[in-house]
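Since the structure comes first, as structure tokens, the remarks are kept for the end.
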Amino acid sequence: VYAVTKREAETAVRTSSEDGFLRCLILRPGLVYGRGESGLFHRMIGALAKWPIIPLLGGGHQPVQPVHVDDLARLVADWIEGRLETFDGQMRGVDELNLGAPQPITLKRFLKMAKTSMGKRRFFLPVPIGPVLGLSRAAGRLGISLPFSPSNLKGLRTVRPVPVPPVIAKRLRPIQD
């Protein structure tokens, strides 16, 4: 559902900006990390802080392209103020910006780096997506709410890296082991 509605929203933005009168930015950030108290990263850190065993759906092999919240904010501000170099030399009504590490890392590696920086010892337990997907569907039919949906789980199977323009990549802080 998320991917479909996101694609529909991007199409609506492109359509509304076809004449070039309204300049828009379609922003596609990777996993946003850094300070803050909400979002996926915060939930991951919370789990690392509390749980000795961390389940990794699909083994944690999904590629992630982290972007620090400060880099994200700075690049968006630069775009708004016209200080962001164009990506391909073309002026359009809509700019599309993939933000994240140019070289993806696995979710498992990212979480290992996070636990190390927190000084935590944690065990990662690979969990196959298929059985969890079946459980999620059954829970939905029974009216039981889980923190993830079948579409979330299906999305984990289809995560692919996205290209990050070199002009953007050089402005992002590197991921540190």
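FYI, side chains are in, hydrogens and waters are out, and symmetry mates aren't considered; it's all heavy atoms of this structure. Source: prediction; values computed, not measured.
- Shown here for I105 and M113, the closest heavy-atom pair between the two residues is CD1-SD, 4.1 Å.
- Side-chain contact between R122 and L111 is absent, with no heavy-atom pair separated by less than 4.5 Å.
- With hydrophobic clusters built from ILVMFWY side chains whose heavy atoms lie under 4.5 angstrom apart, M44 shares a cluster with M118.
- For the pair A139 and L146, the tightest heavy-atom approach, listed with the atom from each and the gap, is CB-CD1, 3.7 Å.
- In terms of the salt bridge (Lys or Arg N to Asp or Glu O under 4.0 Å) criterion, residue partners of R28 (sequence neighbours excluded) are, by chain and number, E10, E96.
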Could you tabulate the donor-acceptor pairs under 3.5 Å formed by side-chain atoms of residues 127-136, not counting sequence neighbours?
none

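- Residues V164 and A101 share a closest heavy-atom pair of CG2-O, 4.2 Å.
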Without placing hydrogens or testing angles, list every side-chain donor-acceptor pair under 3.5 Å for residues 49-61, not counting sequence neighbours.
none

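- Using a 4.5 Å cut-off on side-chain heavy atoms (C-beta onward), W79 and L97 make no contact.
- Clustering ILVMFWY residues whenever any of their side-chain heavy atoms sit less than 4.5 angstrom apart, transitively, puts V159 in a cluster other than the one holding F110.
- Under the rule for a salt bridge (Lys or Arg N to Asp or Glu O under 4.0 Å), the partners of R173 that lie at least two apart in sequence or sit in another chain are D71.
- Rounding to the nearest 0.5 angstrom, the gap separating the CZ atom in F123 from the NZ atom in K115 is 10.5 Å.
- Contact detail for P29 and L72: the closest heavy-atom pair is CB-CD1, 4.2 Å.
- Rounding to the nearest 0.5 Å places CG of L107 at 5.5 Å from CD of Q62.
- E8 meets the salt bridge (Lys or Arg N to Asp or Glu O under 4.0 Å) test with no other residue; sequence neighbours excluded.
- Among all heavy-atom pairs drawn from Y33 and P174, the shortest one is OH-O, 4.5 Å.
- With sequence neighbours left out, the salt bridge (Lys or Arg N to Asp or Glu O under 4.0 Å) criterion links D70 to R35.
- Panel note: side chain Q65, backbone V162; a donor-acceptor pair is recorded below 3.5 Å.
- Atom NZ of K112 has 12 or fewer heavy atoms from other residues, nucleotides or ligands within 6.0 Å.
- Linking ILVMFWY side-chain heavy atoms closer than 4.5 Å, directly or via other members, places I80 and V69 in a single hydrophobic cluster.
- Across all their heavy atoms, G30 and V67 have their closest contact at N-CG1, 4.0 Å.
- By the criterion of side-chain heavy atoms lying less than 4.5 angstrom apart, applied directly or through intervening Ile, Leu, Val, Met, Phe, Trp or Tyr residues, I175 is grouped together with L48 in one hydrophobic cluster.
- Within the 4.5 Å cutoff, the side chain of L75 has no heavy atoms near those of the L27 side chain.
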